[in-house]
Participant: 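Starting off with a structure, shown below.
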Number of protein chains: 2
Amino acid sequence: MKRHVLLYGLIGGILIAVLKWTEYRFLVIEHSIEIYGGLIAATFAVLGIWLGLKLTNRQERVVIKEVPVPTGGSFVPNDTKREALGITPREQEILELISQGLSNREIAGKLFVSENTVKTHSSRVFDKLGAKRRTQAVQLGKAFGLLP
Amino acid sequence: MKRHVLLYGLIGGILIAVLKWTEYRFLVIEHSIEIYGGLIAATFAVLGIWLGLKLTNRQERVVIKEVPVPTGGSFVPNDTKREALGITPREQEILELISQGLSNREIAGKLFVSENTVKTHSSRVFDKLGAKRRTQAVQLGKAFGLLP
DNA sequence: AGCAAAATCACCCAAAAGAATGACGACAAC
DNA sequence: GTTGTCGTCATTCTTTTGGGTGATTTTGCT
């Protein structure tokens with residue numbers, strides 16, 4: 001920061017000196033308007049370029065962003081693995097609702113069946129997955145690729 | 001691209017015209033060297049700045065590289081969100097074991113504490129997450145980024 | 001030393017979940 | 001027409017879970 005201020009001052013001083021000197025030359029030698037203009041032009045062009053660089057240099061940054069892209073994109077609910085485990089579509093459906101944190105009663109309500117039915121389905125799914133609890137069923141369901 | 005070329009031409013033309021006009025004024029009115037110089041200076045300064053910006057912009061390209069990192073790889077268990085929810089480390093630990101499908105008894109055995117203790121911890125965690133069931137707690141835990 | 005948060009444990013009660021068994025209708029396959 | 005699978009539902013019983021309350025210990029911080 002301090003260096004910058006100093007530099008600006010210095011350049012300003014030099015510029016003024018140059019101009020003064022040039023003007024003097026101009027007055028003495030009566031034909032160098034072009035030189036005069038050219039000098040000023042060149043000086044300010046350089047100054048401008050330098051300034052522009054200075055201004056933009058501050059934000060010159062290459063950002064490499066590591067975005068945790070949701071792998072698999074959409075997740076294809078995988079009939080193949082489901083059938084390999086002998087799990088019926090209905091059972092899979094119940095398993096998904098379980099994984100969403102619903103109770104048996106809520107699932108029953110959502111599917112318009114009795115709570116007992118949900119219990120049998122879930123029991124069978126647990127059996128086929130080798131799970132003893134619904135949380136375990138969810139865990140295994142994901143491990144088998146049945147759930148997202 | 002075409003627009004840029006056009007712009008350059010236009011600015012060039014205008015510049016020449018302005019200079020011509022200024023020179024003319026200079027010849028007619030015999031005392032305006034300063035104005036002449038100032039104009040040139042200003043023009044070239046602006047041009048220089050603009051040029052500088054243009055030049056640096058070419059190589060300044062902010063590259064946002066999106067690296068699809070498989071989400072399972074890292075996952076930092078996120079102390080920030082945990083504390084934001086007022087969940088203690090121990091509670092988080094129990095939550096993780098729940099999400100792995102363990103029963104309260106199994107968790108108790110694994111952590112060498114009583115089943116009652118596990119129950120209190122889990123109850124508190126459910127409360128803080130707003131969950132009524134452990135499956136729901138798991139679901140919410142994932143939604144909050146507390147679980148992988 | 002003294003406070004506050006965290007962790008520990010107990011007891012009781014209610015609700016939810018799970019296991020076991022049996023049963024019935026629809027439907028497709030043989 | 002028999003067989004088998006699937007989905008449906010009930011009943012009974014045990015286990016698990018969750019709610020509520022209170023108490024003690026550990027630990028970190030002032």
Side-chain angles (χ1 to χ4, degrees), chain A residues 77-144 146-147, chain B residues 77-144 146-147:
Chain A
N78 216 338
D79 287 354
T80 318
K81 283 175 188 168
R82 204 207 62 227
E83 283 172 10
L85 291 165
I87 295 176
T88 71
R90 197 57 158 175
E91 286 163 356
Q92 160 97 17
E93 205 177 351
I94 266 94
L95 179 59
E96 280 169 15
L97 293 176
I98 285 178
S99 83
Q100 287 165 27
L102 301 190
S103 71
N104 288 339
R105 189 161 303 169
E106 289 168 335
I107 294 172
K110 191 164 228 164
L111 299 183
F112 303 104
V113 294
S114 88
E115 197 179 332
N116 283 317
T117 304
V118 176
K119 283 172 93 173
T120 42
H121 282 315
S122 55
S123 272
R124 288 196 184 136
V125 128
F126 295 165
D127 202 44
K128 288 166 185 174
L129 285 173
K132 296 198 162 84
R133 285 163 283 289
R134 38 178 52 213
T135 44
Q136 199 181 4
V138 171
Q139 204 272 327
L140 291 170
K142 299 199 179 197
F144 284 129
L146 265 63
L147 298 172
Chain B
N78 217 338
D79 286 355
T80 318
K81 283 177 190 169
R82 203 206 63 228
E83 284 172 9
L85 292 164
I87 294 175
T88 71
R90 197 55 158 176
E91 287 163 354
Q92 159 99 17
E93 205 176 351
I94 265 92
L95 179 60
E96 282 168 15
L97 293 176
I98 286 178
S99 83
Q100 287 164 25
L102 301 189
S103 71
N104 288 339
R105 190 161 303 169
E106 288 168 336
I107 295 173
K110 189 164 228 164
L111 300 182
F112 303 104
V113 295
S114 88
E115 199 178 331
N116 283 317
T117 303
V118 176
K119 284 175 84 176
T120 34
H121 282 316
S122 54
S123 273
R124 290 204 182 129
V125 122
F126 295 165
D127 202 44
K128 288 166 185 174
L129 285 173
K132 297 199 160 95
R133 285 165 282 290
R134 40 178 52 214
T135 43
Q136 199 180 5
V138 170
Q139 203 271 328
L140 291 170
K142 300 198 180 195
F144 283 129
L146 265 63
L147 297 172

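Predicted model, so just to flag it, every value in this text is computed and none were measured.
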Participant: What are the 5'-most and 3'-most nucleotides of DNA chain C lying under 4.0 Å from any heavy atom of chain A?
Facilitator: C/dA16 to C/dA19
Participant: Is the side chain of A/S123 donor-acceptor paired with the backbone N or O of A/T120 at a distance under 3.5 Å, no angle test?
Facilitator: no
Participant: Roughly what angle, to 10°, lies between the helix axis at the start of the helix from C/dA1-D/dT30 to C/dC30-D/dG1 and the one at its end, five pairs per end?
Facilitator: 50°
Participant: Of the non-hydrogen atoms in A/L140 and A/A131, which two are nearest, and what is the gap between them?
Facilitator: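 The pair with the smallest heavy-atom distance is CD1-CB, 3.9 Å.
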Participant: Could you tell me the separation between the CD1 atom of A/I98 and the OG1 atom of B/T135, rounded to the nearest 0.5 Å?
Facilitator: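 So the CD1 of A/I98 and the OG1 of B/T135 are separated by 8.0 Å.
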Participant: Measure all distances between protein nitrogen or oxygen atoms and nitrogen or oxygen atoms of nucleotides 9-13 of chain D, and list the pairs falling under 3.5 Å.
Facilitator:
unit_1, atom_1, unit_2, atom_2, d
D/dC9, OP2, A/S114, N, 2.8
D/dC9, OP2, A/T117, OG1, 3.0
D/dC9, O5', A/T117, OG1, 3.4
D/dA10, OP2, A/N116, ND2, 3.4

Participant: Compare every heavy atom of B/A137 with every heavy atom of B/L129, then report the nearest pair and how far apart it is.
Facilitator: CD1-O, 3.7 Å
Participant: At under 4.0 Å, does any side-chain N or O of A/R90 touch on OP1 or OP2 of D/dT8?
Facilitator: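 Yes, A/R90 has a side-chain N/O under 4.0 Å of OP1/OP2 on D/dT8.
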Participant: Which residues pass the side-chain hydrogen bond (donor to acceptor under 3.5 Å, both in side chains) test with B/E93, not counting sequence neighbours?
Facilitator: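 Checked B/E93 against side-chain hydrogen bond (donor to acceptor under 3.5 Å, both in side chains); matches are B/R90.
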Participant: Look at A/T88 and D/dG7 and indicate whether a side-chain polar atom (N or O) is within less than 4.0 Å of OP1 or OP2.
Facilitator: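 Affirmative; the distance criterion is met.
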Participant: Under the salt bridge (Lys or Arg N to Asp or Glu O under 4.0 Å) definition, can you give me all pairs with a residue in residues 127-140 of chain B, not counting sequence neighbours?
Facilitator: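 Sorted pair list: A/E106-B/R133, B/E91-B/K128.
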Participant: Sequence neighbours left out, what passes side-chain hydrogen bond (donor to acceptor under 3.5 Å, both in side chains) with B/S114? Give chain and number order.
Facilitator: B/T117
Participant: Please identify which of these residues, A/N104, A/L111, A/V113, meets the side-chain contact (heavy atoms from CB on, under 4.5 Å) condition with A/I94.
Facilitator: A/L111
Participant: Using a strict heavy-atom distance below 4.0 Å, which residues from residues 97-108 of chain B are in contact with DNA chain C?
Facilitator: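 None, since no heavy atom is under 4.0 Å.
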Participant: Reading DNA chain C from 5' onward, which residue's closest nucleotide shows up sooner: B/L111 or B/R133?
Facilitator: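 So the residue in question is B/L111.
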Participant: Not counting sequence neighbours, list each pair that qualifies as a salt bridge (Lys or Arg N to Asp or Glu O under 4.0 Å) and has a residue in residues 109-125 of chain B.
Facilitator: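 Every pair satisfying salt bridge (Lys or Arg N to Asp or Glu O under 4.0 Å) with a residue in residues 109-125 of chain B: B/R105-B/E115.
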Participant: B/K132 NZ to D/dG20 P: how many Å, rounded?
Facilitator: 11 Å
Participant: Can you measure from CG (A/L95) to CD (A/Q100) and round to the nearest 0.5 angstrom?
Facilitator: 10.0 Å
Participant: Taking the side chain as every heavy atom from C-beta outward, state whether A/R82 and A/P89 have any atom pair closer than 4.5 Å.
Facilitator: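 Answer yes - side chains close enough.
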Participant: Please list, for nucleotides 25-30 of chain D, all pairs of protein and nucleotide N/O atoms separated by less than 3.5 Å.
Facilitator:
none

Participant: Give, for atom NE2 of B/H121 and atom CZ of B/F126, the distance between the pair rounded to the nearest 0.5 Å.
Facilitator: 12.5 Å
Participant: I'd like to check the salt bridge (Lys or Arg N to Asp or Glu O under 4.0 Å) partners of B/E83; sequence neighbours left out, ordered by chain and number.
Facilitator: none
Participant: Could you tell me the separation between the CD atom of A/Q92 and the CG atom of A/D79, rounded to the nearest 0.5 Å?
Facilitator: 7.5 Å
Participant: If you compare all heavy atoms of A/S99 against all heavy atoms of A/L147, which two are closest, and at what distance to 0.1 Å?
Facilitator: CB-CD1, 3.7 Å
